[in-house]
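Since the model is a prediction, treat every value here as computed from it, not as a measurement. We count residues from 1, following the sequence as given.
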Amino acid sequence: MKDKPIGIFDSGVGGLTVLREVEKLLPFEDIVYFGDTARVPYGSKSKSTIIKFSRESAGFLKRKRVKMIVAACNTSSALALEDLKKSFNIPVLGVIEAGVIRAVAVTRKKRIAVIGTKSTIKSNSYQKLIAKKNKSIKVYSKSCPLFVPLVEEGVLNGRIVKEAMKMYLRSLNDKDIDVIILGCTHYPLLKHQISSYLKGVVVIDSAKEVAGYARSILKSKNLLSPKSRKPKVEFYLSDEPKEFVRLAKLFLGRKIPNPKI
Ligand code: DGL
């Protein structure tokens with residue numbers, strides 16, 4: 001079991017922010033990545049559709065005999081994680097809990113903001129989990145639907161990004177928050193801009209947090225792969241790979257081997 005791959009799925013290319021962090025923290029692990037590029041975006045879809053798509057994406061990974069499934073997609077994590085945990089008999093991790101644990105540990109003012117897709121924000125998953133950890137924390141949430149297409153267009157700074165920051169984040173300025181959780185796969189690519197718009201606010205990158213979480217679970221279950229091996233990373237998609245390959249370069253800073261359909 002130890003030398004089986006870690007499975008990571010996302011609605012598309014965004015989950016590569018999670019893959020990047022998993023590669024950094026767990027450099028000897030094989031990874032199978034599945035991007036549901038034929039059906040992206042998940043972030044504006046209904047709960048039942050998100051559960052159905054997430055189950056199918058995770059099922060694909062299970063058939064690849066992975067030892068753990070990471071739902072890199074925040075929208076899947078927000079709406080389908082409970083269902084996935086029940087459906088599969090291997091560890092299934094979402095990106096929400098890891099980010100929440102860090103945010104709750106870091107906030108002094110007990111005022112946290114969460115940004116994500118429309119479906120993630122509407123689900124209230126972050127609020128519920130934060131309240132479970134500490135009832136006295138106030139949570140402000142905001143969906144930022146334009147951030148995903150901006151990132152996918154490679155528009156990471158400049159006038160349009162500044163305007164988008166203003167449009168979505170202005171309302172958080174007078175809430176006296178000291179922590180913001182990036183509750184979407186794509187937002188780590190805008191981290192700099194978000195940081196400089198919300199000066200002095202700690203920015204929590206869920207992708208980074210979930211990599212640490214995955215490591216601790218593998219360790220506790222004695223499932224870490226043997227060290228000093230050259231890992232194999234495979235990419236599978238549900239649609240043609242051209243756009244994915246282009247964006248992968250932006251997300252990972254390197255060329256990836258040809259994804260399979
Ligand atoms: N991966 C999605 C998320 O993290 C963003 C893209 C989409 O809407 O599918 O919520």
Side-chain angles (χ1 to χ4, degrees), residues 10-21 35-37 39-46 50 72-79 95-96 99-100 102-103 107 111-127 130 138-210 243-244 246-253:
D10 180 51
S11 54
V13 73
L16 294 180
T17 52
V18 171
L19 180 130
R20 186 178 60 184
E21 299 302 332
D36 195 5
T37 44
R39 305 191 289 194
V40 69
Y42 285 8
S44 51
K45 296 202 166 69
S46 67
I50 292 161
C73 179
N74 284 73
T75 308
S76 294
S77 303
L79 290 136
V95 275
I96 294 187
V100 163
R102 170 72 66 192
T107 184
R111 302 171 84 83
I112 297 175
V114 179
I115 53 174
T117 64
K118 280 187 182 165
S119 301
T120 295
I121 296 305
K122 210 174 118 209
S123 74
N124 276 332
S125 296
Y126 276 98
Q127 274 98 327
I130 291 171
K138 197 123 183 61
V139 183
Y140 299 92
S141 54
K142 183 89 192 151
S143 63
C144 307
L146 282 179
F147 284 0
V148 167
L150 281 175
V151 168
E152 296 205 350
E153 282 303 311
V155 181
L156 303 181
N157 41 49
R159 198 165 50 85
I160 301 176
V161 173
K162 278 207 180 102
E163 282 305 315
M165 292 287 147
K166 225 197 286 171
M167 180 165 98
Y168 292 132
L169 305 182
R170 186 167 35 196
S171 62
L172 298 175
N173 258 335
D174 57 357
K175 301 291 189 291
D176 201 25
I177 53 160
D178 61 352
V179 173
I180 184 166
I181 304 176
L182 305 184
C184 174
T185 46
H186 291 56
Y187 299 178
L189 278 86
L190 295 170
K191 190 173 174 181
H192 248 63
Q193 314 300 328
I194 294 168
S195 254
S196 69
Y197 188 81
L198 295 170
K199 290 204 173 55
V201 172
V202 178
V203 179
I204 309 277
D205 178 343
S206 309
K208 230 180 218 153
E209 301 305 328
V210 79
E243 186 63 6
F244 184 92
R246 181 184 74 80
L247 284 166
K249 222 166 163 217
L250 176 75
F251 276 75
L252 295 176

Could you tell me the separation between the CE atom of M165 and the OH atom of Y168, rounded to the nearest 0.5 Å? 10.0 Å
My understanding is that only residues two or more places apart in sequence, or in another chain, count here; which of them pass salt bridge (Lys or Arg N to Asp or Glu O under 4.0 Å) with E163? K166
Intermediate values then yes/no, side chain to side chain contact (heavy atoms under 4.5 Å, CB included), V18 and K208: CA-CA 7 Å; V18 171; K208 230 180 218 153; over 6 Å; no
Interatomic distance, CG@D205 vs OG1@T17, rounded to 0.5 Å, equals 7.0 Å
With a 4.5 Å cut-off on side-chain heavy atoms, are S11 and C73 touching? yes
OG1 of T75 to CD1 of I50, rounded to nearest 0.5 Å, is 6.0 Å
Residue pair F251 / G14: nearest heavy atoms and the distance that separates them: CE2-CA, 3.7 Å
Which side-chain N or O atoms in residues 180-187 pair as donor and acceptor under 3.5 Å with protein atoms at least two apart or in another chain?
from: H186; atom 1: NE2; to: E152; atom 2: OE2; distance (Å): 2.7
from: Y187; atom 1: OH; to: G116; atom 2: O; distance (Å): 3.1
from: Y187; atom 1: OH; to: C144; atom 2: O; distance (Å): 3.3

Once side-chain hydrogen bond (donor to acceptor under 3.5 Å, both in side chains) is applied, what residue pairs with a partner in residues 138-151 remain, sequence neighbours excluded? R111-Y140, Q127-S141
Between T117 and T120: side-chain donor-acceptor atoms closer than 3.5 Å: yes
Could you work out, with salt bridge (Lys or Arg N to Asp or Glu O under 4.0 Å) as the rule, every residue matching R246, not counting sequence neighbours? E243
For S125, the option from L79, N74, V100, I96 that meets side-chain contact (heavy atoms from CB on, under 4.5 Å): I96
In terms of heavy-atom contacts, V151 and L250 come closest through O-CD2, 3.5 Å
Got a sec: does the NZ of K175 have more than 12 other heavy atoms crowding it under 6.0 Å? yes
Under 3.5 Å, which donor-acceptor pairs do the side chains of residues 191-204 form with other protein atoms, sequence neighbours left out?
from: Q193; atom 1: NE2; to: L156; atom 2: O; distance (Å): 3.4
from: S196; atom 1: OG; to: H192; atom 2: O; distance (Å): 3.4
from: S196; atom 1: OG; to: Q193; atom 2: O; distance (Å): 3.3
from: K199; atom 1: NZ; to: S196; atom 2: O; distance (Å): 2.9

For T37, check side chain to side chain donor-acceptor pair (under 3.5 Å) against everything at least two apart and list the hits. none
Do L150 and I160 have side chains that approach each other closer than 4.5 Å (heavy atoms only, starting at C-beta)? yes
Audit row: F244, L16, side chain to side chain contact (heavy atoms under 4.5 Å, CB included) steps and yes/no: CA-CA 10 Å; F244 184 92; L16 294 180; 4.0 Å; yes
Please round to the nearest 0.5 Å and tell me the distance separating atom CD of E153 and atom CG of L247. 8.5 Å
Where the side chain of S119 meets the backbone of K45, is there a donor-acceptor pair that is under 3.5 Å apart? yes
Donor-acceptor pair, distance only, cut-off 3.5 Å: does the side chain of D10 make one with the backbone of G15? yes
Apply side chain to side chain contact (heavy atoms under 4.5 Å, CB included) to residues Y126 and S77 and explain how you reach the verdict. CA-CA 10 Å; Y126 276 98; S77 303; over 6 Å; no
